[in-house]
4 protein chains.
Amino acid sequence: MNVLIWNEFRHEKQDEEVAKIYPEGIHGALKEFLQTDDINVDTATLDEENHGITDEKLAKTDVMLWWGHLAHHEVADEIVEKVQQRVLEGMGLIVLHSGHFSKIFKKLMGTGCDLKWREADEKERMWVVDPSHPIVEVIGEYIEIEKEEMYGELFDILAPDELVLLSWFEGGEVFRSGCTYRRGHGKIFYFRPGHEAYPTYYHKDVQRVIQNAVQWAKPTTRTFSSYGNAKPLEAIKPKA
Amino acid sequence: MNVLIWNEFRHEKQDEEVAKIYPEGIHGALKEFLQTDDINVDTATLDEENHGITDEKLAKTDVMLWWGHLAHHEVADEIVEKVQQRVLEGMGLIVLHSGHFSKIFKKLMGTGCDLKWREADEKERMWVVDPSHPIVEVIGEYIEIEKEEMYGELFDILAPDELVLLSWFEGGEVFRSGCTYRRGHGKIFYFRPGHEAYPTYYHKDVQRVIQNAVQWAKPTTRTFSSYGNAKPLEAIKPKA
Amino acid sequence: MNVLIWNEFRHEKQDEEVAKIYPEGIHGALKEFLQTDDINVDTATLDEENHGITDEKLAKTDVMLWWGHLAHHEVADEIVEKVQQRVLEGMGLIVLHSGHFSKIFKKLMGTGCDLKWREADEKERMWVVDPSHPIVEVIGEYIEIEKEEMYGELFDILAPDELVLLSWFEGGEVFRSGCTYRRGHGKIFYFRPGHEAYPTYYHKDVQRVIQNAVQWAKPTTRTFSSYGNAKPLEAIKPKA
Amino acid sequence: MNVLIWNEFRHEKQDEEVAKIYPEGIHGALKEFLQTDDINVDTATLDEENHGITDEKLAKTDVMLWWGHLAHHEVADEIVEKVQQRVLEGMGLIVLHSGHFSKIFKKLMGTGCDLKWREADEKERMWVVDPSHPIVEVIGEYIEIEKEEMYGELFDILAPDELVLLSWFEGGEVFRSGCTYRRGHGKIFYFRPGHEAYPTYYHKDVQRVIQNAVQWAKPTTRTFSSYGNAKPLEAIKPKA
């Protein structure tokens, strides 16, 4: 399986505190726990040519991860359209945290994707509400994160196909934190945690959810559907 | 309630056969059965200035209907964005037949919205599969249309929030013909029938479904949600 | 419209504190704000003959409310089956609070319907997550209840057709508090709040949600579907 | 993985024509294509003691298949409750064809599960409508079955969590033929085809769907959720 981690990679270069937490970038931290004998992981970042996303790379990617925040508007529309096309063809897509406002996520949702937020060293507790879902394999009743950015409802997404995780925040909000969607032949998972100023991607349960999600999101082997003008499969009676 | 019917209005001007069926345009035929003492119906068409969609008209519209086919690409992106914004604010949207390929529907779905099709004077039978849904009030077990264009699966939409009607076609295909979606504060209904070369919009059951859908899609009275930075509602403990 | 409020009506007779809060019983308090010129409200309680549910009463009921807690097991199976049958025929059903463990709700869900709970004078904040739903008409971003019993996930229901309200609890839990389901020709709404020891049913927003739910749950006028052996609607070719 | 195939096994003993098609019983035919090095398949039938379902067998079963028709009422309620409990604990359940009327399926649905039917040597074409679902891995756009019993809408189930396959029937009906549900910690798949008088379970695509479904339905490894009285996870402020 080929996984491609896309990271904006700006906070890590601009902010010393973030660089201390993620010295190899957020993509580096994600790669660290995703790479296995069976999973070949590649990375791409905003400031590379074509944001590091070539047609060849995209064509062979089974599951893509997306982390962005400061510079969503700098991502070229052409690249966004190619990623969308690959999702419709079957590629899995895992959108992380502030990726909720990325061009690709908004394009796939059809909504504004806005939400409430707050940076206040706040406790988050994500409760599992779909206990049979493979994305929460081996996860307990909840995942506790000592300090995270708050994201609160109303989250201007659409009702997910499957709601897997629900967050409780110390400051009084709730959030739909683990949401699955299907678009065309591809599967999408939005996963809330991962503010750059906290070491969230070192949390074992957060890592496990992402590992599970990669397995869940891999393409289903099928020939792509045919569209357009179609000959009848059965005889049609002439009408008056 | 204010209803706005948008129609491309090209077939009716270019094709004599279509003009015979819909002498006042498809929008005229729709208006005929939607206008009541309680529902004020306005119409707009592609070749009017701004496609007939002014900001004031849009702001007061509760439910909009959309029929287009030949000239989806001629609809200005700016207008499409305004319509999307109004849906997110709460306006209902009913997309009819070939409107599946309109910019506004594709934008709200996030998929390609492609399908199979065939013009062959074919019988369509739409089965009710959500019997308690207000959109099928007083409709029987199915709606039969003697001659229609075929639309077949795979329909590259997303799984609807509610699947209300399923079509059987003489030539061997099926289709998800009555689908509801929610986007932001607005409700959307996609309704399949209505090829311009057939008198489908004079069919009493088809009319009734559209009348029901207008009632169902009207906005829910609520203040629009607030987004962005949010003060805590509860005290947050200082962390180490 | 005919509404029937069913209440176990035991706490109010056995516990002085509860009797002070609901001197006319919980059913009396519910009736108070549901009765209007257009809505005829009747009540029924466990200790009446047939639990107050006669065939005639049930046959004409459009929407039924159900509150029970101490004595779910005392409700006769025969009555439960009749109520289920009426739901399948189109009657709306609103299950309140501890009704989650009632025979009728468990029968309609097919699951254990268990949950976590705690009585601790706890603050509950119910967030609206389906902003276009008629059940939250005129409700703000959330409903705050100063003191309530806690219900926490995992709630062993099934994923609701529509998730309308999500609760945050002071003690660290979340809960799917406003859930819609469809069974046969009938609509069901589960609404969490309403512990007998608190004056929750005097809360204006709680009342409004229940009023909205009654409107939403009323039957859709249709003839009941036919089942069983069916003659073909189209000719079937003889096969070899 | 341990798979348990439950078959009523009456038609095969009473009807010579059926016995010719399924000389080892329907369970024998299912076992034939499900057994692999990784999947240990056991079978059980109605007329065995406890219908062949012991507590030990059930406890170790990962996925159960259920085929019944003539004698649903002969299945002991006690056994049905044990199977339901195992589903809530995480066991997958695949209900085949006339199993729609089995006690276990009705109990898990909460509806009447009725439908239209006809035996008329009729062509069925099942269209894939959820192209990314693992249950349709390697399946084409549709599965064609030359002769099958017709099942028609309205199917008195509830809206499935995922609708994977939709049937077209020669005689004019449609049917939701591949439906997933989740109950408690377990996954359920209803799959329509398999009338005893046709060799449907020898159809390669039908076999593949069932093989895929077994993989999809296997339990997710998690500790079972805890329910009941719960201590607060956060401090609760004393109220006035």
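Only heavy atoms go into these numbers, but all of them, side chains included; no hydrogens, no water, no symmetry mates. Below, chains carry the letters A, B, ... as their sequence lines are ordered, and counting in each starts from 1. The model shown is predicted, which means the values in this text are computed figures rather than measured ones.
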A.B. asks: Working to the nearest 0.5 angstrom, can you tell me the gap between C:K116 NZ and D:N229 CG?
C.D. replies: 11.0 Å

A.B. asks: Name the region of D:R182, side chain, backbone, both or neither, that has any atom closer than 4.5 Å to a heavy atom of chain C.
C.D. replies: backbone

A.B. asks: Identify which part of D:E146 has an atom lying under 4.5 Å from any heavy atom of chain C, answering side chain, backbone, both or neither.
C.D. replies: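 D:E146 touches chain C through backbone and side-chain heavy atoms alike.
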
A.B. asks: Only pairs of heavy atoms separated by less than 4.5 Å count here; which of D:Y151, D:F155, D:W117, D:Y181 has the most with chain C?
C.D. replies: D:W117

A.B. asks: Pick from D:D156, D:D114, D:L108, D:L233: which one has the most heavy-atom pairs with chain C under 4.5 Å?
C.D. replies: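 Looking at each of D:D156, D:D114, D:L108, D:L233 in turn, D:D114 comes out on top.
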
A.B. asks: Is there a side-chain contact between C:D161 and D:L158, using heavy atoms and a 4.5 Å cut-off?
C.D. replies: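 Sidechains of D:L158 and C:D161: no contact.
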
A.B. asks: Working to the nearest 0.5 Å, report the span between NZ of C:K107 and CE of D:M109.
C.D. replies: 14.5 Å

A.B. asks: Between D:R183, D:E173, D:K147, which shows the greatest number of heavy-atom pairs under 4.5 Å with chain C?
C.D. replies: D:R183

A.B. asks: Measure the shortest side-chain to side-chain distance between D:D121 and C:I236 over non-hydrogen atoms and say whether it is less than 4.5 angstrom.
C.D. replies: no

A.B. asks: If you round to the nearest 0.5 Å, how far is CG of D:L115 from OG of C:S226?
C.D. replies: 11.0 Å

A.B. asks: Has C:Q14 got more than 12 heavy atoms of other residues, nucleotides or ligands less than 6.0 Å from its CD?
C.D. replies: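 It does: C:Q14 CD has more than 12 such atoms within range.
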
A.B. asks: Go through the atoms of D:K231 and report whether side chain, backbone, both or neither lie under 4.5 Å from a heavy atom of chain C.
C.D. replies: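 Interface part for D:K231: backbone (N, CA, C, O).
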
A.B. asks: Other residues, nucleotides and ligands only: do more than 12 of their heavy atoms fall within 6.0 Å of CD on D:E16?
C.D. replies: no

A.B. asks: Taking C-beta and beyond as the side chain, do D:Q84 and C:T111 meet within less than 4.5 Å on heavy atoms?
C.D. replies: no

A.B. asks: Any ion pair linking D:K239 and C:E170 (charged N to carboxylate O, less than 4.0 Å)?
C.D. replies: yes

A.B. asks: Write down the atom of D:M150, the atom of C:A230, and the distance for their closest heavy-atom approach.
C.D. replies: CE-CB, 4.3 Å

A.B. asks: Any idea which heavy atoms bring C:L88 and D:G112 closest together, and the distance?
C.D. replies: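 Minimum heavy-atom contact is CD1-N, 3.7 Å.
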
A.B. asks: Most heavy-atom pairs under 4.5 angstrom with chain D, which of C:G228, C:G172, C:G186?
C.D. replies: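 With the most close heavy-atom pairs to chain D, the winner is C:G228.
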
A.B. asks: With respect to chain D, which residue among C:R118, C:E153, C:E234 yields the maximal number of heavy-atom pairs within a distance under 4.5 Å?
C.D. replies: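 Heavy-atom pair counts peak at C:R118.
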
